[in-house]
Student: 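Submitted below is the structure of interest, expressed as structure tokens.
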Amino acid sequence: MCGIIGYIGEQTAADIILSGLQKLEYRGYDSAGVAIASDGKIERRRCEGKLVKLANLLRDQPLCGTTGIGHTRWATHGRPTEFNAHPHIDCTGALSVVHNGIIENYLKLKQDLIAGGHEFRSQTDTEALAHLIEEEMKIDNDVEKALSRALKKVDGAYAIGVIHKDSPDILLAARKSSPLILGIGDGENFIASDVPAILPYTRSIIYLEDEEIAIISRDKAVVKNLDGETIEKKIEHIEWNPVLAEKGGFPHFMLKEIFEQPQVIRNTIGGRTDEESAKIYLEELGLSVEEAQKLSAIYIVACGTAYYAGMVGKYMLEKLARVHVDVDLASEFRYRAPMVDANTLVIVISQSGETADTLAALREAKSLGAKVIGIVNVKGSSIAREVDGALYIHAGPEIGVASTKAYVAMLIALLLLSLQFGRMRGLVSVPEARRLIHLLKELPRNIETVLSEAADMNWIADRFCECSDFLYLGRGINFPTAMEGSLKLKEISYIHAEAYAAGEMKHGPIALIDRRMPVVAIATKSDTYDKMLSNVQEVIAREGMVIALATTGDEQIKEYTQNVIYVPETEEILSPIINVVPLQLLAYKIAINRGSDVDQPRNLAKSVTVE
Ligand code: AGP
């Protein structure tokens with residue numbers, strides 16, 4: 001997954017592009033580059049590595065000109081090197097392209113183009129697009145029509161920006177399955193993979209849809225389909241505060257986003273509940289009472305952290321709505337020939353709304369006749385626009401690659417959905433709904449308590465940060481919490497961490513226990529607390545080290561371990577929302593101790609828009 005940006009206007013394009021790329025670096029950061037169309041030529045600056053290297057190069061070798069494109073890369077084809085860095089050019093350097101996505105038929109295209117005399121300089125799929133446009137321009141020398149013809153020959157996903165040396169007054173863009181927005185300014189216009197890149201300049205946005213092409217000048221943006229027919233597009237206004245997308249004084253986006261969670265919960269709940277009437281308002285989903293009552297099964301489909309949120313959602317929906325729920329990894333669901341039909345509700349969960357596997361699973365489910373709703377963060381994202389109903393989690397831009405606030409917001413959304421289904425199916429009484437809504441609104445304060453004691457965990461992180469393996473144990477609705485906690489540690493500290501349902505210990509994992517491997521046990525108040533305590537004892541009896549998450553006031557746990565992290569008491573069905581916060585902080589603190597790049601961990605990208 002990569003980040004692209006383009007600019008056309010009165011300002012120095014390279015400055016705008018570099019600034020925008022810095023806001024897109026979370027999408028990929030193994031190489032970067034800029035291309036400018038000016039004075040009848042295309043000039044480029046590209047380099048391997050982090051964006052700061054490109055900034056230094058542009059300082060030493062500045063680029064003038066007011067029309068340009070830029071790219072920050074997460075390599076899919078070809079190693080992260082300068083010659084593979086975007087922007088790419090055609091044989092003569094007359095045009096340049098930046099691209100986010102994968103051109104699945106690029107090898108065939110490349111073979112045909114080489115047979116036609118084109119010379120390639122890189123290993124990337126993107127370069128094939130530059131030469132394809134060049135070839136198409138031989139027909140009528142019209143770069144817009146050539147681009148449209150070229151894209152009709154492309155299979156796969158793309159969000160692209162194109163400039164041509166002979167057309168410095170236009171910037172071209174197009175998308176299919178990869179996100180791309182137009183920013184509409186005053187005498188200047190932009191393209192970008194995501195909103196934060198252009199928010200400092202404009203709040204007026206146009207979302208490109210699949211197989212649409214944009215022809216952009218300083219004063220207007222025309223959108224067409226690949227047949228050249230103009231399409232009227234709505235200009236949307238973005239409320240996001242630019243500061244929100246910055247670090248807000250925290251050392252890392254991840255820590256900022258962990259501390260944003262109390263407010264995020266308030267935002268996700270928003271005006272969706274009325275405690276007095278015990279009503280839940282999720283009209284955006286377009287689900288009727290009849291549909292809720294006749295539901296025979298629900299499939300929850302997602303990837304990574306969103307998948308673990310789905311696992312929690314299973315417990316919530318089955319407890320409150322008494323409907324069978326299957327939770328599946330999107331990368332498995334889409335190839336499984338799933339048992340889905342018109343009576344199945346499929347819920348896809350995605351922070352970015354652009355995860356390729358989840359998008360493909362959504363399309364598979366729709367092809368099988370299922371109603372598909374999405375629990376999504378990014379408005380206007382591909383998933384948000386393709387589901388039958390989108391439940392936005394309102395977590396704001398999540399820049400840290402390791403997801404934190406979006407996960408908590410997903411859990412809130414799933415609880416609201418479970419409550420609404422439970423009410424619609426006559427299984428949750430008004431008093432019970434009132435009680436849960438009240439407890440839900442208590443959560444921000446509970447999490448503020450946890451955050452206020454974050455420093456108390458430093459000694460645990462200091463003591464265990466050198467360990468090479470961790471085991472996380474949870475039961476019931478907190479088994480997914482253990483999974484998510486272990487993923488956070490893996491992702492940002494690069495420590496091998498795995499999670500098990502605690503009851504599974506005796507079926508094998510207990511062989512792992514020794515003095516070198518800390519065991520994080522989620523032992524907060526629950527129906528299975530005593531069972532969890534037994535698991536803790538099993539670990540201690542084998543000289544294992546336990547770090548226990550416990551409910552404030554629990555003194556019994558201290559008979560077995562002194563490494564206790566306390567969290568405020570709440571209803572078990574809400575406990576994953578609180579319990580995950582100390583696990584996020586633990587992973588963050590350990591990763592900082594180990595010197596990891598917390599916001600941009602190695603090998604990862606914020607949104608995996610490739611398979
Ligand atoms: C979470 O910390 C990871 N960055 C990753 O597992 C992520 O949750 C997954 O790629 C799904 O992303 P999505 O929610 O944007 O679809």
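Along the sequence shown, residues are numbered consecutively beginning with 1. Everything numeric in this text was worked out from a predicted model, so none of it was measured. Whatever order the structure lists them in is the order used to number ligands and atoms, beginning at 1.
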Student: How would you list all residue pairs meeting ring pair (Phe, Tyr, Trp, His ring centres under 6.0 Å) that involve residues 582-609, not counting sequence neighbours?
Tutor: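 Listed by first then second residue: H252-Y588.
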
Student: What protein heavy atom lies closest to atom 1 (C) of ligand 1? Include the residue and the distance to one decimal.
Tutor: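 Of every protein heavy atom, T305 OG1, 3.0 Å lies nearest to atom 1 (C) of ligand 1.
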
Student: Is atom NZ of K319 surrounded by more than 12 heavy atoms (other residues, nucleotides or ligands) closer than 6.0 Å?
Tutor: no

Student: My understanding is that only residues two or more places apart in sequence, or in another chain, count here; which of them pass salt bridge (charged side-chain N to carboxylate O under 4.0 Å, His left out) with K488?
Tutor: E484, E491

Student: Could you tell me which atoms of ligand 1, counted from 1 in the order shown, lie closer than 4.0 angstrom to a heavy atom of A306?
Tutor: 8 (O), 14 (O)

Student: Could you find the nearest protein heavy atom to atom 9 (C) of ligand 1 and give me its residue, atom name and distance?
Tutor: C303 O, 3.8 Å

Student: Would you mind listing which atoms of ligand 1 come within a distance below 4.0 Å of any non-hydrogen atom of S403?
Tutor: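 Answer for ligand 1: 1 (C), 2 (O).
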
Student: So does E236 pair up with K234, basic N to acidic O under 4.0 Å?
Tutor: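 Salt bridge: yes.
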
Student: Going from CG on L285 to CG on L417, what distance comes out if it is rounded to the nearest 0.5 angstrom?
Tutor: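 These two atoms lie 6.0 Å from each other.
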
Student: In the protein, what heavy atom is nearest to atom 14 (O) of ligand 1, and what distance, to one decimal place, separates them?
Tutor: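 Residue, atom and distance for the closest contact: Q351 N, 2.7 Å.
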
Student: Which of the atoms in ligand 1, numbered in the order shown and given with their element, are less than 4.0 Å from a heavy-atom of A402?
Tutor: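 Under 4.0 Å from A402, ligand 1 has these atoms: 2 (O).
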
Student: Pick from T481, N478, N446: which one makes a side chain to side chain donor-acceptor pair (under 3.5 Å) with S575?
Tutor: N478

Student: Considering non-hydrogen atoms of the protein only, which is the closest contact for atom 10 (O) of ligand 1, and what is the distance?
Tutor: V608 CG2, 4.1 Å

Student: Within 45° of the ring axis of Y494 and under 6.0 Å from its six-membered ring centre, is that where the NZ or CZ of R594 lies?
Tutor: no

Student: May I ask you to identify the nearest protein heavy atom to atom 16 (O) of ligand 1, giving residue, atom name and distance to one decimal place in Å?
Tutor: T355 OG1, 2.5 Å

Student: If you have a sec, work out which protein heavy atom is nearest atom 4 (N) of ligand 1 and how many Å separate them, to one decimal?
Tutor: V401 O, 2.8 Å

Student: Could you find the nearest protein heavy atom to atom 2 (O) of ligand 1 and give me its residue, atom name and distance?
Tutor: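 The answer is E491 OE1, 2.6 Å.
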
Student: Measuring from atom CZ of R272 to atom NE2 of H394, what distance do you get when rounded to the nearest 0.5 angstrom?
Tutor: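 The distance works out to 4.0 Å.
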
Student: K488 heavy atoms, cut-off 4.0 Å: which ligand 1 atoms fall inside?
Tutor: 1 (C), 2 (O)

